[in-house]
Amino acid sequence: MHWADVLADELLKEDKKHVLATGITPSGPIHIGNMREVLTTDAVYRSILEKGGDAEFIYISDDIDNLRKVYPYLPKSYEKYVGFPISDIPCPCGSHKSYADHFLFSFLDSLKEIGINPKVYSANEMYKSGMYKDAIQIALDNTEKIKNIIEKISKRKLPKNWIPFNIRCDKCGKLTDAKAVLYEYPNIEYTCDCGYEGVVDIRKGGAGKLPWRVDWPARWKMLSVTFEPFGKDHGTTGGSRETGEVIVQEIYNYPAPKYAVYEFIMLKGKGAMHSSKGTALSSEEMLKMTPPEVLRFLIIRNQPNKHIMFDPGLGVLNLVDEYDQQERVYFEKKEEIKGMKDLKKNYELSQPYKIPKKIPFQLPYRHLVTLAQISKKWQDIKKILLRTGQIPMNLEDSDDEHLKQRVEHAQYWLDNFAPDMVKFEVKKKLPKMKLKIDEKKFLKGLLDIIDYIKWDAEAIHNGIYEVSEKQKIPIKTAFSSIYQILLGQEKGPRAGFFLSNLDKEFVIKRIKEAI
RNA sequence: GGGCCUGUAGCUCAGCUAGGUAGAGCAUCUGGCUUUUAACCAGGUGGCCAAGGGUUCGAAUCCCUUCAGGCCCGCCA
């Protein structure tokens, strides 16, 4: 059984509406781990619906969290905002409402592309609207109990005057520097490092926030959360999950949600991703280089508690090939291979939107990678495909869209991640190079017969061999001469296939120029 | 110190949430075509499933122990 079904069945033991929650602090480019969190939840969500259950998928943006430091991708001028809630900081690009929205919105766009549309909550707005009012009061009334729970489970020592509330200083606006002096419902007297002494009314929105270890359980109750996956860092002993479980039951009188701990996604050769170490890959970037259904496939096919090794180099090609292969099996164009576990479910959950009724038109991805380097525009690539008979004249719109999208992903990958060995550029002008006598001789021979060659991959291929044999020129020399005059390099994509995709007149002209 | 994950063919991994004769891709070898680049097709070689113990008629699969590696343990998933 697929892991998503296992989790769904577990939840469905309780016959009620299930609220599946995800969340993230949008303090920088949102990385691929959040993609896993969201996709894990989406898989469970879909499985519940498929089984006839009732469920809602929510996404909470922790946009009231404070900016911790000036990250490398921020201008120095952001120094003055450290300690501010990220929803109160100006947007770096100027076109969003706030710093938080800047990063959140681009992630939400990516989610749309992979077929995920959760109900989005803003923690900041929840606080401002007064939704947290009761939760804050309960927390403050139970300060000692909560403190004990956290100290006992996490083995951390909290300061003497600790209270489960981070006050936002009225004067300097920071969430991090105010210390409570006295709490007497509904007011907290505080002093701030900036020198200000003031009073906040906890019933008022914007007075401050609950610290994470308390906020999380409070939110479970407030939104009736029944399931929320989290990364392994939260799952560790003494982590926020453990304290949260006790706090939600003992303080908020609500059962702890079910969960799944998910492992990290590693970049091949670099280990786990960390924004601070520069090994992070943003969700947006990952999605730009990997077709959406393939990215879903990568995450869906792996159990959440297994780490995923992602190879942004040639691994991407293998992954797409593997996806296509499973697609052929799903539509019974190919026999199932032993070990293809949960193939049907994996394929279905990999679809961003509707599951296709019949198999989408497939072109080997590696061919697309070659074509994407011959022409940049999809319309031009399509012309080549039509001329060479690689796609039918009456290609369906959905297939057209699908291939176009794949070409775009291949292009992004080529521009940013592909290793040099697969890259080439058809030079507009004859590259500067010196051909050897043998190479010129071969090209002359090729020119003699080129008019008679049918312009398809196999005929060209055979033609090259024919000339090479007749002239007694090593085949290696023959191939390299072709690549040199067109690409300015010694090697290139399969010659027959490659040339057939180029315009014949263009090739003839280039050979004439070269000899 | 604690938590989680991993250890299956030379390499990367499936299979372990249905316990019932060990699977795939790459590499290698053979043949099809003197067919460059990670080309294609057919077939072959290749594994004491980390080690030990237990449960069972039967264990890669469940349980326990050990060893080795990875990641996480101040809200960076």
Side-chain angles (χ1 to χ4, degrees), chain A residues 1-3 5-7 9-10 22-25 27-38 40 62 64-66 68-69 71 154-156 166 209 211-216 229-242 244 260-266 268 271-277 279-280 283 301-309 311 314-315 317-318 321-322 325 336-343 364 366-367 369-370 419 421-422 424 457-458 461-462 464-466 468-469 474-483 487 489-498:
Chain A
M1 198 162 37
H2 193 273
W3 56 264
D5 284 323
V6 174
L7 288 168
D9 284 347
E10 180 68 26
T22 54
I24 201 282
T25 305
S27 59
I30 296 173
H31 61 67
I32 184 62
N34 297 105
M35 201 65 113
R36 188 167 201 185
E37 171 159 329
V38 166
T40 301
D62 278 310
I64 193 169
D65 290 6
N66 59 283
R68 308 185 72 76
K69 61 172 183 177
Y71 296 103
S154 78
K155 302 201 170 69
R156 290 202 306 191
N166 298 338
K209 69 180 280 282
W212 169 244
R213 285 183 186 253
V214 184
D215 184 301
W216 206 17
F230 48 87
K232 58 150 45 171
D233 53 341
H234 288 303
T236 196
T237 311
S240 52
R241 169 73 202 188
E242 263 191 17
V261 183
Y262 57 90
E263 260 281 352
F264 287 7
I265 295 179
M266 330 278 252
K268 193 170 180 185
M273 298 190 210
H274 296 277
S275 352
S276 54
K277 290 182 194 164
T279 53
S283 298
R301 76 208 274 236
N302 284 294
Q303 293 206 34
N305 62 1
K306 296 212 182 197
H307 71 249
I308 293 176
M309 195 61 89
D311 173 11
L314 291 170
L317 302 184
N318 290 332
D321 282 349
E322 211 175 325
Q325 188 190 43
E336 184 165 348
I337 297 161
K338 221 172 165 180
M340 276 187 176
K341 190 201 168 198
D342 296 322
L343 174 127
R366 279 160 218 265
H367 286 198
V369 167
T370 299
M421 66 180 290
V422 301
F424 65 86
E458 204 187 332
H461 192 76
N462 291 335
I464 293 170
Y465 272 90
E466 211 175 283
S468 136
E469 255 170 63
I475 191 68
K476 217 175 173 69
T477 309
F479 281 114
S480 85
S481 65
I482 291 171
Y483 297 129
L487 309 175
Q489 57 192 47
E490 296 280 326
K491 292 185 172 182
R494 303 194 58 184
F497 169 76
F498 172 55

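We name chains A, B, ... by the order of the sequence lines, and we start the count at 1 in each one.
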Taking only N/O atoms, report every protein-nucleotides 4-9 of chain B pair under 3.5 Å with atom names and distance.
from : atom 1 : to     : atom 2 : distance (Å)
B:U6 : OP1    : A:K306 : NZ     : 3.3

Exercise. Go through B:A14, B:C75, B:C72 for me and flag the one nearest to the A:D233 side chain.
Key: B:C72

Quiz item: Who pairs with A:E466 by salt bridge (Lys or Arg N to Asp or Glu O under 4.0 Å), at least two apart in sequence or on another chain?
Solution: none

Quiz item: Dot-bracket, RNA chain B: Watson-Crick or G-U, under 3.5 angstrom, [ ] crossing, | other strand?
Solution: ((((((((.[[[[.)....(..]]]].(((((.......))))).....[[[[[..)....]]]]])))))))....

Practice problem: Give the rounded distance in Å between these two atoms: NE2 of A:H234 and P of B:C72. | Solution: 14 Å

Quiz item: Mind checking what makes ring-ring contact (aromatic ring centres under 6.0 Å, His included) contact with A:F498, not counting sequence neighbours?
Solution: A:F424

Quiz item: What integer distance in Å separates A:I30:CD1 from B:C75:P?
Solution: 18 Å

Quiz item: Between B:C33 and B:U12, how far is it from one P atom to the other, in whole Å?
Solution: 36 Å

Exercise. Give one of base, sugar-phosphate or nothing for A:R36, where a contact means two heavy atoms less than 4.0 Å apart.
Key: nothing

Self-check item: Rounded interatomic separation in angstrom, taking CD from A:Q325 and C1' from B:A14
Solution: 12 Å

Quiz item: Between B:G74 atom P and A:W212 atom CH2, what is the distance in whole Å?
Solution: 15 Å

Self-check item: For atom CG of A:N166 and atom P of B:G74, their distance in whole Å
Solution: 18 Å

Quiz prompt | Integer angstrom distance from the P of B:G23 to that of B:G47 | solution = 14 Å

Quiz item: From the list B:C75, B:A77, B:U17, which nucleotide is the closest neighbour of the side chain of A:N34?
Solution: B:A77

Quiz prompt | Which residues share a side-chain hydrogen bond (donor to acceptor under 3.5 Å, both in side chains) with A:N462, sequence neighbours left out | solution = none

Exercise. Working to the nearest 0.5 Å, report the span between CG of A:D65 and NZ of A:K209.
Key: 4.5 Å

Quiz prompt | Euclidean distance for C1', B:A9 against B:G15 (whole angstrom) | solution = 15 Å

Quiz prompt | Euclidean distance for C1', B:C49 against B:G19 (whole angstrom) | solution = 15 Å

Self-check item: For atom NE2 of A:H461 and atom P of B:C40, their distance in whole Å
Solution: 13 Å

Exercise. Determine the contact category for A:A495: base if any of its heavy atoms lies under 4.0 Å from a base atom, sugar-phosphate if only primed atoms, P, OP1 or OP2 are that close, otherwise nothing.
Key: base

Quiz prompt | Pairs satisfying salt bridge (charged side-chain N to carboxylate O under 4.0 Å, His left out), at least one member in residues 230-239 of chain A, at least two apart | solution = A:K232-A:E263

Quiz prompt | A:R366 CZ - B:A39 P separation (whole Å) | solution = 8 Å

Quiz item: Which whole-number value in Å describes the distance from A:N66 CG to B:C75 P?
Solution: 12 Å

Exercise. Indicate yes or no: at least one non-hydrogen side-chain atom of A:S468 is less than 4.5 angstrom from one of A:F479.
Key: no

Practice problem: Please list, chain by chain and in numerical order, all residues satisfying salt bridge (Lys or Arg N to Asp or Glu O under 4.0 Å) with A:R366, sequence neighbours excluded. | Solution: A:D321

Practice problem: Determine the contact category for A:F497: base if any of its heavy atoms lies under 4.0 Å from a base atom, sugar-phosphate if only primed atoms, P, OP1 or OP2 are that close, otherwise nothing. | Solution: nothing

Quiz item: With A:Y262, which of A:Q303, A:R36, A:E37, A:K306 fulfils side-chain hydrogen bond (donor to acceptor under 3.5 Å, both in side chains)?
Solution: A:E37

Practice problem: Using the test ring-ring contact (aromatic ring centres under 6.0 Å, His included), find all partners of A:H234 that sit at least two apart in sequence or belong to another chain. | Solution: A:W212, A:W216

Self-check item: Sequence-distant partners of A:R494, salt bridge (Lys or Arg N to Asp or Glu O under 4.0 Å), two or more places apart
Solution: none

